[in-house]
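Counting starts at 1 for both ligands and their atoms, in listed order. It should be emphasised that the depicted structure is a prediction, and the values quoted were computed from it without experimental measurement.
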Amino acid sequence: MKEITILDKTFVESISETNLQARIADLGRELNRDYAGKDPLVVSVLNGAVLFTADLLRHFEFPHELQFIRLSSYHGGLESTGQITPLLDLRGDLGGRDLLILEDIVDTGNTLAWLRQHLLSRGAASVKMATLLFKHEVFKLDQAPEYFCFRIPNEFVVGYGLDYAERGRQLRSIYKLKA
Ligand code: XMP
Ligand code: MG
């Protein structure tokens, strides 16, 4: 079992690079079917979704625009704070556009709910979300993300874009906090 230490915590590998890339390719095929003939605005949520975005986009066969959004809600530790404000917002008119949000992880669903509301209030015709990881046990909304690669238990994870105190984003696998 691969182990790594980041600052004061030890993590063990939970999803390998091979498994990540295989599921991302599956998701790419699913999106190619669902978005055939469309031209969505892909909204990647900084910073965590950067690696997922780069790898997933390379499977896309439909035209799309890419923009980034950055939210403040999370302050580097192991717990979310709940308060969300945009630090970097989308440019231009969203009126009538189909939006596909790319996220690293959906936990309680607070961020997803806030994003849906924010983007619909700016006139988007539809807002869907594809997330790499889905902590389904803690999710508390009715409407789940439309697409996800992996459902995971309620454990803190790092790697492949996800950080612990802004460290560990470069890791090619997902690691979970060692019990
Ligand atoms: P929710 O769905 O609760 O998720 O709004 C809020 C944000 O929390 C972050 N998050 C994590 N980040 N490891 C991380 O590195 C985790 O296990 C984890 N769980 C939640 C993530 O930024 C998400 O957007
Ligand atoms: Mg984070």
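The environment of Asn154 atom CG is dense: over 12 non-hydrogen atoms of other residues, nucleotides or ligands sit within 6.0 angstrom.
Counting the atoms of ligand 1 from 1 in the order shown, those under 4.0 Å from a heavy atom of Glu155 are 17 (O). For ligand 1, the atoms sitting less than 4.0 Å from at least one non-hydrogen atom of Thr111 are 1 (P), 4 (O), 5 (O), 6 (C), numbered in the order shown with element in parentheses. Listed by atom number, the atoms of ligand 1 under 4.0 Å from Phe156 heavy atoms are 13 (N), 14 (C), 15 (O), 16 (C), 17 (O).
Contact check on Glu146 versus Lys128 returns no salt bridge, with no Lys/Arg side-chain nitrogen under 4.0 Å from an Asp/Glu carboxylate oxygen.
Summarising the geometry of Ser173 relative to Glu17, their closest heavy-atom pair is OG-N, 3.4 Å, with the distance given to 0.1 Å.
Contacts between Lys135 and ligand 1 below 4.0 angstrom, taking non-hydrogen atoms only, involve the side chain exclusively.
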Ring pair (Phe, Tyr, Trp, His ring centres under 6.0 Å) between Tyr175 and Phe11: does it pass, once the steps are laid out?
CA-CA 6 Å; Tyr175 292 75; Phe11 295 85; 7.7 Å; no
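Ligand 1 has a nitrogen or oxygen under 3.5 angstrom from a nitrogen or oxygen of Gly109. At a 3.5 angstrom cut-off on N or O pairs, Leu162 does not count as close to ligand 1.
Within the 4.0 Å heavy-atom shell around ligand 1 one finds Ile105. Within the 4.0 Å heavy-atom shell around ligand 1 one finds Asp163.
Using a 4.5 Å cut-off on side-chain heavy atoms (C-beta onward), Gln21 and Asp55 make contact.
Of the listed options Val157, Asp107, Leu115, Val157 places a heavy atom closest to atom 13 (N) of ligand 1.
Side chain to side chain, Asp104 and Tyr160 fail the donor-acceptor criterion of an N or O pair below 3.5 Å.
Among Thr53, Ile24, Ile105, the single residue meeting the side chain to side chain contact (heavy atoms under 4.5 Å, CB included) criterion with Leu132 is Ile24.
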